Asks: 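Before anything else, here's the structure in question.
Given the structure is predicted, the values throughout are model-derived calculations rather than measurements.
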Amino acid sequence: MSETRAPTPVIDAPSLGELLQAGQNVAAHRPWPRAVVDADTWTLAAECLTQGGVTLLGLWGEADAVHMALLDEPGAAIGVLSLACPDGQFPSVAELHAPAIRLERAIQDLFGLKAAGLPDARPWLDHGRWGFRHPLGDAERVSADAARYPFLPTEDEHLHVIPVGPVHAGIIEPGHFRFTASGETIVRLEERLGYVHKGVEGLMAGADLVRGAELAGRVSGDSTVAYALAFARAVESALQVEATRRAQWLRALMAELERLANHLGDIGAICNDAAFALLHAHCGVLREQVLRAADLAFGHRLMRDVIVPGGVARDLDPPGAAAIRALVAEVRHRFPHLVDLYDNTASLQDRTVGTGILKPQLARRFGAGGFVGRASGRAFDARRAPGYAPYGELEFQVPGLDAGDVDARVWIRIHEVEQSLVLIEQILARLPVGPLRADVAVAPAVHEGIALVEGFRGDVLVWLRLGADGRIERCHLRDPSWFQWPLLEVAIEGNIVADFPLCNKSFNCSYSGHDL
């Protein structure tokens with residue numbers, strides 16, 4: 001599979017700071033620097049990615065330029081490199097660094113910019129049904145007539161192909177999975193996504209901050225808090241505004257409730273895909289209790305539209321706080337018994353241990369975040385580094401394992417449930433008083449901001465540019481699933497077809513967040 005080619009030979013790689021210094025600094029970009037570089041520096045940055053000195057955080061385009069966000073993990077430093085594309089093309093990062101392949105395919109679909117040297121130039125988001133090509137670039141009207149997608153060929157006569165989806169059983173978003181198998185053993189999986197493309201980045205263009213916050217919170221429904229927080233922090237960085245202290249703590253409370261609900265749901269769903277419905281039922285009850293407490297405390301089960309630039313739109317009253325305290329007590333009482341049940345059920349362990357292994361070197365290479373990365377030896381957590389308020393004042397641990405199998409991804413979720421309970425208790429005990437929202441005044445100038453926030457799946461990146469009129473000129477939102485979906489293709493190889501639902505749920509990548 002092209003996404004997992006062997007890395008290029010080792011070079012004497014420059015640091016992130018040296019790459020940024022090679023370009024022209026953009027003064028209006030905050031809180032981390034952005035530099036406009038030439039094609040040679042752009043290619044040098046791609047070579048650095050192959051050596052692991054920096055990690056790819058994001059790669060996105062606009063009508064006449066491309067941007068690449070990089071993370072220096074040891075120093076927790078972040079920087080953005082930009083390259084002008086006056087001739088409509090740019091040197092492919094993916095030619096050297098496979099995790100960029102789908103990002104560059106999306107850039108080509110949306111903006112029409114060509115990645116010269118891109119190993120896989122097939123359309124990614126564009127299924128031929130939009131009626132336009134390159135809708136965010138030099139748009140060209142075409143007939144909405146989808147051509148057959150050129151899946152990778154199968155040549156061995158002993159192999160057979162099993163197509164699944166895009167429509168699935170139950171209430172689940174669409175995605176197509178094409179298995180190549182030898183008997184029951186999977187030798188290759190190829191994904192096709194983009195069925196739920198919503199045009200969010202196009203809708204963002206020209207929107208005011210209120211509408212932008214609403215759109216961000218609807219990118220992926222299970223991560224509405226994470227996206228709203230990342231958007232708000234990007235706006236605040238661009239305008240040099242700091243959210244009020246009480247708002248920062250309430251935001252963290254909502255983020256941990258969101259993490260708690262999703263991890264409880266995932267633990268049960270993974271067990272259900274291993275034919276152990278009892279844990280699914282009990283975890284489902286706990287998840288429902290989290291959602292009800294969130295509804296009582298913040299007026300919405302998913303806490304949608306509560307986080308806004310400058311702070312929050314709703315306070316936590318005493319009944320809401322009491323509901324959350326009661327929730328914590330209930331989860332603390334019931335959850336350990338469910339963990340024991342998982343750990344002591346031999347038939348369940350037989351399905352999860354050693355299944356769907358993701359090797360640590362691939363997790364590091366793809367910059368996999370969240371439980372996917374932490375179960376495979378990459379302990380990155382944006383709450384720790386680069387960090388953001390109020391997590392620097394709170395005590396918590398970032399769990400890590402290196403087995404990389406379904407079982408490890410379950411245990412990371414278990415430990416994160418425990419840590420979220422610890423964080424929620426600390427926040428409720430120390431919640432500061434004060435105003436809920438700072439004034440967000442827009443000066444008559446162009447401002448750019450970037451934010452990295454830890455969602456339950458991993459790090460969510462938001463980059464935006466605000467015009468002099470205060471409206472959004474460009475906003476890019478990157479879901480952690482961009483770097484996790486390709487790894488599912490690798491983790492499933494060598495497993496039996498019947499274990500795909502188990503592996504897929506243990507990754508739980510977002511269709512909607514990926515297809516925005």
Asks: Establish, yes or no, whether a centroid distance under 6.0 Å links the rings of F231 and W463.
Replies: no

Asks: So which of R437, R251, R30 actually passes salt bridge (charged side-chain N to carboxylate O under 4.0 Å, His left out) with E236?
Replies: R251

Asks: Should we say atom CD of E242 is surrounded by more than 12 heavy atoms from elsewhere, each under 6.0 Å from it?
Replies: no

Asks: What do the steps show when you test R122 against E104 for salt bridge (Lys or Arg N to Asp or Glu O under 4.0 Å), and what is the final call?
Replies: CA-CA 10 Å; R122 292 175 296 171; E104 291 187 345; over 6 Å; no

Asks: Check whether any side-chain heavy atom of T55 sits under 4.5 Å from a side-chain heavy atom of F380, and report yes or no.
Replies: no

Asks: Please determine which of R259, M254, R304, E256 meets the side chain to side chain contact (heavy atoms under 4.5 Å, CB included) test together with V225.
Replies: M254

Asks: Within 45° of the ring axis of F298 and under 6.0 Å from its six-membered ring centre, is that where the NZ or CZ of R314 lies?
Replies: no

Asks: Could you please spell out the steps behind the side-chain contact (heavy atoms from CB on, under 4.5 Å) verdict for C509 and H514?
Replies: CA-CA 8 Å; C509 301; H514 180 282; over 6 Å; no

Asks: Which word best sums up how the rings of F371 and H263 line up, parallel for under 30°, tilted for 30 to 60°, or perpendicular for over 60°?
Replies: perpendicular

Asks: Taking it one step at a time, do L136 and E201 satisfy side-chain contact (heavy atoms from CB on, under 4.5 Å)?
Replies: CA-CA 8 Å; L136 302 185; E201 295 193 357; 4.2 Å; yes

Asks: For R133 and D109, run salt bridge (Lys or Arg N to Asp or Glu O under 4.0 Å): C-alpha distance rounded to whole Å, both residues' side-chain angles, the deciding distance at 0.1 Å, then the answer.
Replies: CA-CA 7 Å; R133 287 199 184 100; D109 287 351; over 6 Å; no

Asks: Carefully, step by step, assess D120 and R102 under the rule salt bridge (Lys or Arg N to Asp or Glu O under 4.0 Å).
Replies: CA-CA 8 Å; D120 183 355; R102 293 180 179 179; over 6 Å; no

Asks: Begin from the C-alpha positions of F366 and R378 and carry the test side-chain contact (heavy atoms from CB on, under 4.5 Å) through to its verdict.
Replies: CA-CA 10 Å; F366 275 71; R378 184 176 183 259; over 6 Å; no

Asks: Please confirm whether W42 and H67 have ring centers closer than 6.0 angstrom.
Replies: no

Asks: If you take all heavy atoms of L113 and A63, which pair is closest and at what distance?
Replies: CD2-O, 3.6 Å

Asks: Determine, stepwise, if the pair R478 / L452 fulfils side-chain contact (heavy atoms from CB on, under 4.5 Å).
Replies: CA-CA 10 Å; R478 192 271 295 154; L452 193 70; 4.1 Å; yes

Asks: Answer whether the closest heavy-atom distance between the side chains of D305 and R218 falls below 4.5 Å.
Replies: yes

Asks: Is the gap between the ring centers of Y511 and Y195 under 6.0 Å?
Replies: no

Asks: Taking atom CG as the centre, does N25 end up with more than 12 heavy-atom neighbours from other residues, nucleotides or ligands that are less than 6.0 angstrom away?
Replies: yes

Asks: Would you say T43 and D40 are linked by a side-chain donor-acceptor pair, where the criterion is simply a distance under 3.5 Å?
Replies: no

Asks: Might you confirm whether atom CD of E393 has over 12 heavy atoms from other residues, nucleotides or ligands at distances under 6.0 Å?
Replies: yes

Asks: Side chains of S510 and S220: donor-acceptor distance under 3.5 Å anywhere?
Replies: yes

Asks: Are any of the side-chain heavy atoms of T244 and P435 separated by less than 4.5 Å?
Replies: yes

Asks: Among D459, V80, L70, which residue meets the side chain to side chain contact (heavy atoms under 4.5 Å, CB included) test with L57?
Replies: D459

Asks: Does a side chain donor of either K359 or S376 reach within less than 3.5 Å of an acceptor in the other side chain?
Replies: no

Asks: Classify the angle between the aromatic ring planes of F151 and H176 as parallel (below 30°), tilted (30 to 60°) or perpendicular (above 60°).
Replies: tilted

